[in-house]
Amino acid sequence: MTQDELKKAAACAALDYIADASIVGVGTGSTVNHFIDALASRRDRILGAVSSSEASTRRLRAHGIEVFDLNGIETLPVYVDGADEIDGHFAMIKGGGGALTREKIVAAVSGRFICICDASKRVDVLGRFPLPVEVIPMACSHVARELRQLGGEPRLRKDFVTDNGNLILDVHGLAITDPADMETRINQIVGVVTNGLFARRGADVLLLAGANGVERLAPRQEAVSAALHATKS
Ligand code: 5RP
């Protein structure tokens, strides 16, 4: 199977998690495009969607799926999105498509994050894929200096403006041994809108498509235990 066929297989498997009469959180990217196309077959059984990008909104509407404003909604049962990398604890790097901020917002109000990926996205340690950081334009040089202090090599994404009117710095060469700590440290830099590490709110289910079909995986339990321990102490 090609990589695109694997993406489609993972995307179609996500339909099993969509309840009738629900509003679905929808991510962004080529894998999610397959999901949106598959969701069209359920158009009359769902209420609609909340979208994480202008591109996904256009595709949803083209299929006749209603797109709701997140501000009118308290919770979403399920959010379906892809990833650029995902580790064993289901922390992710996202934002290859530049939609990381809206993706993180929709994920934050969702009960379950269903991550849909082809097998190439599964890694042991995050960081080979350059980490996207959305930046307020006037802060770009300042943020780049701070990211260098953290050991990364930021590169401005060329000819790209986010749906929020901001810029993206893609940070190469970061050693992301503690994704949750790195996520917080980068978000504390003044001028950063958010970064593409989804560790504090990682995925709950991974649908990973490989040569032998789609695996339905849960995060490694030791990560959950460690997080609970840290909260108590
Ligand atoms: C977009 C994203 C995507 O989920 C990520 O880039 C994966 O994309 P694709 O499904 O095209 O491989 O985070 O901002």
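Just so it is clear, the values below take in all heavy atoms, side chains as well, and ignore hydrogens, waters and symmetry mates. Atoms within a ligand are numbered from 1 in the order they appear, just like the ligands themselves.
Between the side chains of N164 and E134, a donor-acceptor pair is found at a separation under 3.5 Å. In this structure, a donor-acceptor pair under 3.5 Å is absent between the side chains of T101 and T194. Between the side chains of D4 and T2, no donor N or O sits under 3.5 Å from an acceptor N or O. Looking only at atom types and distance, the side chain of S51 has no donor-acceptor partner in the side chain of S56 under 3.5 Å away.
Atom CZ of R112 has 12 or fewer heavy atoms from other residues, nucleotides or ligands within 6.0 Å. Around the CZ atom of R128, the shell of radius 6.0 Å holds no more than 12 heavy atoms that belong to other residues, nucleotides or ligands.
The nearest protein atom to atom 12 (O) of ligand 1, hydrogens excluded, is given as K121 NZ, 2.7 Å; this is a heavy-atom distance. The protein heavy-atom contact nearest to atom 11 (O) of ligand 1 is S30 OG, 2.5 Å. In this structure, atom 1 (C) of ligand 1 lies nearest to the protein heavy atom E103 OE2, 3.1 Å. Nearest to atom 6 (O) of ligand 1 among the protein's heavy atoms is D84 OD1, 2.6 Å.
The closest approach between a heavy atom of G98 and any atom of ligand 1 is below 4.0 Å.
Taking any N or O of A99, backbone or side chain, at least one lies under 3.5 Å from an N or O belonging to ligand 1.
With a heavy-atom cut-off of 4.0 Å, P132 does not touch ligand 1 at all.
Those atoms of ligand 1 that come under 4.0 Å of a heavy atom in G97, given as number and element, are 1 (C), 6 (O), 14 (O).
Closest heavy-atom approach to atom 3 (C) of ligand 1 among the candidates D4, T28, V32: T28.
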